[in-house]
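Below: one structure, written as structure tokens.
Just so it is clear: chains get the letters A, B, ... in the order the sequence lines come, proteins before strands, and each one is counted from 1. Computed from a prediction, not measured in an experiment: that's the story for all the values here.
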Amino acid sequence: MRLNDAVFGILLIVFAIAEIAYTRTFPSLHGQAYGPDLFPIIIGVGFLITGAILTVQGLAQRAAQPLLDLGPWADDRRNVVSFALVLLALLFYILASDWLGFVLTAFIIMVVLLKSFGSGLITAVVVAALTTLGVQALFARVLLVPLPWGLLQPVAW
Amino acid sequence: MDVVLQAIGLVLDPYVLAVMLGAALFGLFVGAIPGLTATMATALLVPVTFFMDPVPAIAAIVTATAMAIFAGDIPGALLRIPGTPASAAYCDESYAMTAQGKAELALGTCLVTSVIGGLMGSVVLAVTARALAEVAIQFSSFEYFWLACLGLSCAVIISTGSTLKGFVSLLIGLFIATIGIDITAGYPRFTFGSVELMGGVSFIPAMIGMFAVSEVLRYVASTHERKPLTQQRIGNPFRGLGPVLRRYKLNILRGGVLGTAIGILPGAGADIAAWISYAVSKRFSKEPEKFGTGHVEGLVDAGAANNAGLSGAWVPALVFGIPGDSITAIVIGVLYMKGMNPGPTVFLAQPELIYAVFVAFFVANLALVPLGFMTIRLSRQILHVPRRVLMPIILLFCIVGSFAINNTVFGVTVMLVLGVMAYLMEENGFPVAPTILGIVLGPMLEDNFMSSMIKADGNLLGFFSRPIAAGLGIVLILIWLVPLLGMLRGRRPAPAE
């Protein structure tokens with residue numbers, strides 16, 4: 001997924017302006033010209049300068065480099081779906097793991113991803129179950145990480 | 001001497017050795033699978049080592065990376081796909097050898113030169129680190145400020161691709177480092193009221209996102225075609241190796257020395273060491289016309305260089321707390337979390353731990369001989385492990401690893417955001433290594449800058465008031481002036497076209 005440099009340049013400039021404006025709310029240290037806002041401002045100025053150069057370079061290459069070029073992989077629907085599924089799987093874990101619990105969430109994510117990457121249903125279910133239980137054993141039992149049980153709390157092992 | 005014996009005792013403990021063996025098998029496997037890098041091996045190991053004592057934790061990382069850098073040569077030779085970026089420099093050459101039926105010789109050469117290069121780098125590390133630490137102990141915040149600047153500048157200038165994009169990448173890292181409670185005034189910056197962000201962007205989830213999740217995304221967003229193995233049976237890789245090693249012994253030495261030196265430079269690691277060594281080998285070869293046609297000479301140089309570079313990168317990391325490459329950047333983050341702040345004081349306070357790192361390097365490189373041999377024999381099986389099954393498993397490890405550090409799902413959010421960011425950056429030619437260096441060095445840079453400013457009462461000339469500081473400052477200014485002048489000179493004729 002390639003974007004024209006100018007897109008990044010403009011993004012950096014907008015971000016830098018917002019960032020520098022926000023540092024104005026930082027308190028200044030008593031009797032000192034430099035406080036917690038100094039470093040963020042230096043970084044912001046750096047973003048402004050590099051952003052400007054990238055914008056100019058990107059506009060100059062506009063003919064050769066379109067604003068957005070998805071690349072050959074995007075022609076295949078299945079690739080696009082898999083890409084979206086990876087991101088959705090992570091979002092799903094963030095939102096649901098507390099309620100569903102680690103074992104169920106991880107199992108669902110694994111089956112869906114294995115299936116969409118091209119494994120058969122039985123392979124997907126078996127690999128998902130083994131990995132989920134293995135990871136659960138390693139992290140929760142051996143390393144004592146409090147992975148959430150969620151819905152499975154009553155049968156927690 | 002007492003300390004050395006103590007260190008040997010620390011490493012030769014059965015538990016530590018078992019951890020190292022596990023890490024070695026993991027590193028060999030990850031390195032041999034195309035698309036999974038040595039940095040990714042480190043990123044996936046860290047959540048597990050987080051729960052260990054410092055010695056097994058560091059030994060695990062040392063072993064896994066040394067193995068992964070060698071194992072990256074295997075798919076390079078058999079499939080013409082480098083297993084890690086450090087093998088990319090010579091994978092055409094080794095594949096050409098395989099096409100001539102000399103896969104065993106190519107892999108055997110890579111293995112033995114890797115071991116020798118790794119041992120050479122370890123010797124340099126053990127000898128120079130102590131001596132440098134004695135100099136470094138006298139450094140004040142002025143010197144550390146300049147050193148941090150030097151490290152970051154090298155990362156930008158040496159990094160692959162455009163210097164401008166490397167600089168943007170560095171700024172992104174420095175910005176991420178400013179998030180959270182600021183060191184001098186204790187004011188929460190860019191947290192927008194989030195309690196989770198008060199302590200800053202958590203380092204391990206950030207790094208798992210940048211080096212592991214981004215790889216999974218790249219795998220999904222690529223068109224996969226399977227390449228058939230050209231040579232089905234892999235015989236004894238040590239057969240016929242003697243004459244090659246005798247003939248090119250000076251190349252091994254040159255590769256090892258060059259690799260270590262490049263590794264020591266902040267920001268340049270094993271992959272750049274391999275590219276430069278291969279180029280040097282071709283330039284000074286008596287038969288440069290044979291390069292690229294399946295000639296073993298370049299493999300000797302570059303194979304030694306990338307493993308030497310790996311050890312070299314630990315020199316600035318242990319002595320100054322300035323990472324030599326993205327792997328040591330992760331290591332520094334781990335050391336800080338273990339309360340073992342890298343820098344010259346570690347050599348005084350816990351010398352046995354530092355020596356244990358050296359011992360681990362020697363043990364790991366020696367263990368590479370039998371384990372590497374075994375991996376070469378098993379390479380056909382390893383290369384047949386389907387990546388469509390591996391990638392979801394890796395993603396699950398990423399999730400749990402990010403969660404485990406602070407036991408909050410916020411870590412997974414950090415991982416997701418930085419993973420997508422790193423994927424977009426790499427796709428568009430922004431190198432990721434400067435970002436991770438910025439995240440690690442940002443607090444050190446700002447802290448030393450602010451305390452220097454307070455000491456010098458706001459006078460910028462104070463940064464040049466001590467001889468070493470002044471020297472470092474001038475070197476830094478020169479480093480930046482040279483490419484800028486080059487850019488100006490290079491740009492002038494452009495409009496005439």
Taking every heavy atom of B:Ala60 against every heavy atom of B:Ala23, the minimum-distance pair comes out as O-CB, 3.4 Å

If I measure from the heavy atoms of chain B, does A:Leu85 come under 4.5 Å with its side chain, its backbone, both, or neither?
neither

Who among B:Ile393, B:Leu174, B:Thr178 has the most heavy-atom pairs with chain A under 4.5 Å?
B:Ile393

Mind ranking B:Phe190, B:Phe50, B:Phe403, B:Phe167 by heavy-atom pairs under 4.5 Å with chain A and telling me who comes out on top?
B:Phe190

Under a 4.5 Å cutoff for heavy-atom pairs, which residue among B:Val48, B:Leu396, B:Val216 has the most contacts with chain A?
B:Leu396

Strictly distance-based, threshold 3.5 Å: is any side-chain N or O of B:Trp146 a donor or acceptor partner for the main-chain N or O of B:Phe463?
yes

Less than 4.5 Å to any heavy atom of chain A: does that hold for the side chain of B:Val213, its backbone, both, or neither?
side chain

Mind running ring-ring contact (aromatic ring centres under 6.0 Å, His included) on B:Tyr423 and A:Phe83 for me, showing each step along the way?
CA-CA 12 Å; B:Tyr423 167 74; A:Phe83 192 87; 5.4 Å; yes

The interface call for A:Ser97 against chain B, heavy-atom contacts under 4.5 Å, is side chain

So for A:Thr23, is it side chain, backbone, both, or neither that comes closer than 4.5 Å to the heavy atoms of chain B?
side chain

Residue part contacting chain A, namely of B:Thr413, when any heavy atom lies under 4.5 Å
both

Can you check whether A:Leu100's main-chain N or O pairs, donor with acceptor, with A:Thr105's side chain at less than 3.5 Å?
no

If one checks every heavy atom of A:Tyr22 against chain B at 4.5 Å, the contacting part turns out to be side chain

What heavy-atom pair brings A:Phe47 and A:Ala16 nearest, and what distance separates the two atoms?
CB-CB, 3.7 Å

List the atom of B:Leu44, the atom of B:Pro47, and the distance in Å for their closest heavy-atom pair.
O-CD, 3.3 Å

Where B:Cys398 and B:Ala212 come nearest, the two heavy atoms and their spacing:
SG-CB, 3.6 Å

Would the distance check show the side chain of A:Thr132 and the main-chain N or O of A:Val103 forming a donor-acceptor pair, the cut-off being under 3.5 Å?
no

Answer yes or no: is there a donor N or O on one side and an acceptor on the other, between the side chain of B:Thr49 and the main chain of B:Met52, under 3.5 Å?
no

What residue in B:Leu170, B:Asp457, B:Ile172 has the most heavy-atom pairs under 4.5 Å with chain A?
B:Ile172

Are any non-hydrogen side-chain atoms of B:Leu164 and A:Gln57 less than 4.5 angstrom apart?
yes

Would you mind checking which part of A:Leu95 comes under 4.5 Å of any heavy atom in chain B, side chain (CB onward), backbone (N, CA, C, O), both or neither?
neither

Taking all heavy atoms of A:Ile13 and all of A:Ala52, pick out the closest pair and write down the distance.
CD1-N, 3.8 Å

Judged by atom type as modelled, is there a donor-acceptor pair below 3.5 Å linking the side chain of A:Ser119 to the main-chain atoms of A:Lys115?
no

With only heavy atoms counted, which part of B:Leu395 is less than 4.5 Å from chain A, the side chain, the backbone, both or neither?
side chain

Heavy-atom distances under 4.5 Å only: say whether A:Leu12 touches chain B with side chain, backbone, both or neither.
side chain

Which atoms of B:Phe410 are under 4.5 Å from chain A, going by heavy atoms: the side chain, the backbone, both sets, or neither?
neither

Please rank A:Tyr93, A:Phe39, A:Phe8 by heavy-atom pairs under 4.5 Å with chain B and give me the top one.
A:Phe39

Report which part of A:Asp5 has an atom under 4.5 Å of a heavy atom belonging to chain B: side chain, backbone, both, or neither.
side chain

Region of B:Phe175 in contact with chain A, defined by heavy-atom distances below 4.5 Å:
both

Given a strict heavy-atom distance threshold of 4.5 Å, which part of B:Asn407 is in contact with chain A: side chain, backbone, both, or neither?
side chain

Chain A heavy atoms under 4.5 Å from B:Ile399: which part of the residue, side chain, backbone, both or neither?
side chain

Which residue out of B:Leu171, B:Val389, B:Leu424, B:Val168 racks up the most heavy-atom pairs below 4.5 Å with chain A?
B:Leu171

Whatever's closer than 4.5 Å to a heavy atom in chain A on B:Leu445 counts as both

B:Arg388 side chain to A:Leu114 main-chain N or O, any donor-acceptor pair under 3.5 Å?
no

Mark yes or no for whether B:Ser202, through its side chain, and B:Pro205, through its backbone, hold a donor-acceptor pair below 3.5 Å.
no

Under a 4.5 Å cutoff for heavy-atom pairs, which residue among A:Leu138, A:Ile94, A:Val127 has the most contacts with chain B?
A:Ile94

Out of B:Val409, B:Val400, B:Val420, return the one with the most heavy atom pairs under 4.5 angstrom to chain A.
B:Val400

Side chain, backbone, both or neither: which part of A:Phe26 has a heavy atom under 4.5 Å from chain B?
both

